[in-house]
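What follows is one structure encoded as structure tokens, with my remarks underneath.
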Amino acid sequence: MNILLFGPNGSGKGTQGAILQKKFNIQHIESGVIFRDNISQGTELGSKAKQYIDRGELAPDDITIPMILERLQQPDCSPGWLLDGFPRNVNQAVQLDAALNEAGMKLDYVIEIVLDRQMAKNRIMGRRLCVSDNNHPNNIFIDAIKPAQKGGNSVCRVCGGELKTRSGDQDEIAIDKRHAIYYDKKNGTLAAVNYFKEKAKNAGSGFIVIELDGRPGVKEVSEEVLKSIGK
Ligand code: CO
């Protein structure tokens, strides 16, 4: 089973990806990891990409697409893969689609976690980390995991311990920059999602687009996706 997973930063995409990986025993492939691995291993494509990155530029698609395709063709991906974080724009969507076809690789599902921009931003900025245990999720904007109150302070809802924020989660400029790319319906990631939605309408496209409401909790969203896949 081969899946493309879309969702804005803050939509819980990584968590859902991990659940799908486990459930279907497929590889969860994050585009950022492919990049880092190619660069650290000094592959031909990695060295080319590094020249751009060292200049503060993004690597062009004619380097990125073959890098991703190569990863998806590794033996560990033969039971299936779930690609997360790519394509980020409509050009990449068109090129990835063509490259998959050329390689004879079939797409089964395109999953989109739908969450509006303000809510996605709140969810990032509302994250609170439990100082004593990483596995105690707290978020001031998600009712199900709201921190507890003790003596006028917010404390971990699981253990009552101290909470902190991660600096990256409070970097509004960085969040807005990522979201500007994601929510761009003309050229950005939502345009890429739309490319696949339009394509899925054609008979014989061979894949299904699943739109998920990202507003409920992790558990509800994952139940919804498993129900849609129906396995
Ligand atoms: Co805790």
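Every number for a ligand or one of its atoms is a count from 1 in the order of the listing. The first residue in the sequence is number 1, and the count goes up from there.
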*Please state whether the rings of F196 and F6 are parallel, tilted or perpendicular, taking 30° and 60° as the class boundaries.*
tilted

*Rounded to the nearest 0.5 Å, how far apart are OH of Y182 and CZ of R117?*
12.0 Å

_For G214 against R123, the heavy-atom pair lying closest together_ = O-NH1, 3.0 Å

*Decide if atom CD of E162 counts as having more than 12 heavy atoms of other residues, nucleotides or ligands within a radius under 6.0 Å.*
no

*Taking only Lys NZ, Arg NE, NH1 and NH2, and the carboxylate oxygens of Asp or Glu, determine whether E223 and K219 approach each other closer than 4.0 Å.*
yes

*Under 2.8 Å from the Co ion (ligand 1), which protein N/O/S atoms are there?*
C130 SG, H136 ND1, C156 SG, C159 SG

_Residues E172, K121: salt bridge by 4.0 Å N-O rule_ = yes

